[in-house]
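Here's the structure we're looking at; comments come further down.
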Amino acid sequence: MSTFSPSELNANPCTLPGDPSLVLVTNVNLGDKKLDIMKACSKAIQEATGKPEAYIAVSVTDNADVIFGGSADPCALGNLYSIGAISMKSNGAIHNAVSDLLEPYGVDASRMYINFFDMERANVGWNRKTFAG
């Protein structure tokens, strides 16, 4: 079931805000708090970018085989893709928020990279087309 209204689904995609999407991988076990962390990441992205949360996607893989600096100590890697809304200010706010969420699991902010990618509308697909139309 879609969370989008019929008017959004039928709108010219060039007029829609588009994604951001976060793909995060960590070597720690997030246990039964994983969904809460994903929702908190979504909210943090919404607050930092101003994008409607209805367009934000978050995927988190925990218990993954990841090393950082040659060590298997707790760490994380992430990629955030967005049509616009990529800036030093929003990127820093997102990294800070995700760091706060993962710190209780032993992931130090200095052991997490999040790469930020500003996507062109033609390179983001949604609803059987791209955001370019």
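Just so you know, residue 1 is the first one in the sequence shown, and it goes up from there. Not measured: the values here are computed from a predicted model.
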The complete set of side chain to side chain donor-acceptor pair (under 3.5 Å) pairs with one or both residues in residues 77-90, sequence neighbours excluded, reads N79-N115, S87-S90
- Task: Count the heavy atoms of every other residue, nucleotide or ligand shown that sit under 6.0 Å from CZ of F117, and state whether that count exceeds 12.
- Result: yes
Members sharing M88's hydrophobic cluster, built from side-chain contacts under 4.5 Å between Ile, Leu, Val, Met, Phe, Trp and Tyr, are none
Excluding M38, membership of its hydrophobic cluster (Ile, Leu, Val, Met, Phe, Trp, Tyr; side-chain heavy atoms within less than 4.5 Å) reads L22, L24, V28, L30, I37, I45, I56, V58, V60, L80, I86, I94, V98, L101, L102, Y105, V107, M112, I114, F116
Residues pairing under salt bridge (charged side-chain N to carboxylate O under 4.0 Å, His left out) where one sits in residues 31-40, two or more places apart or in two chains, turn out to be K34-D62
Quick note, salt bridge (charged side-chain N to carboxylate O under 4.0 Å, His left out) partners involving residues 95-122, not counting sequence neighbours, are none
Residues 7-35 vs ring pair (Phe, Tyr, Trp, His ring centres under 6.0 Å), sequence neighbours excluded, gives none
The side-chain contact (heavy atoms from CB on, under 4.5 Å) partners of A57 (sequence neighbours excluded) come to S21
*Would you say the side-chain atoms of K51 pair up with the backbone N or O of G84, donor to acceptor, closer than 3.5 Å?*
no
Contacts table for residues 65-77: side-chain donor-acceptor under 3.5 angstrom, sequence neighbours left out:
unit_1, atom_1, unit_2, atom_2, d
S71, OG, D73, N, 3.0
S71, OG, D73, OD2, 3.2

For residues 7-36, the ring pair (Phe, Tyr, Trp, His ring centres under 6.0 Å) pairs (sequence neighbours left out) are none
message: Any heavy-atom pair between the side chains of D19 and I83 that's under 4.5 Å?
response: yes
Contacts of E53 meeting side-chain hydrogen bond (donor to acceptor under 3.5 Å, both in side chains) (sequence neighbours excluded), chain-then-number -> S42
Hits for side-chain contact (heavy atoms from CB on, under 4.5 Å) against T61, two or more places apart or cross-chain, chain-then-number order -> V25, A64
Sorted by chain and number, sequence neighbours left out, side-chain contact (heavy atoms from CB on, under 4.5 Å) with P52 holds for P17, Y55
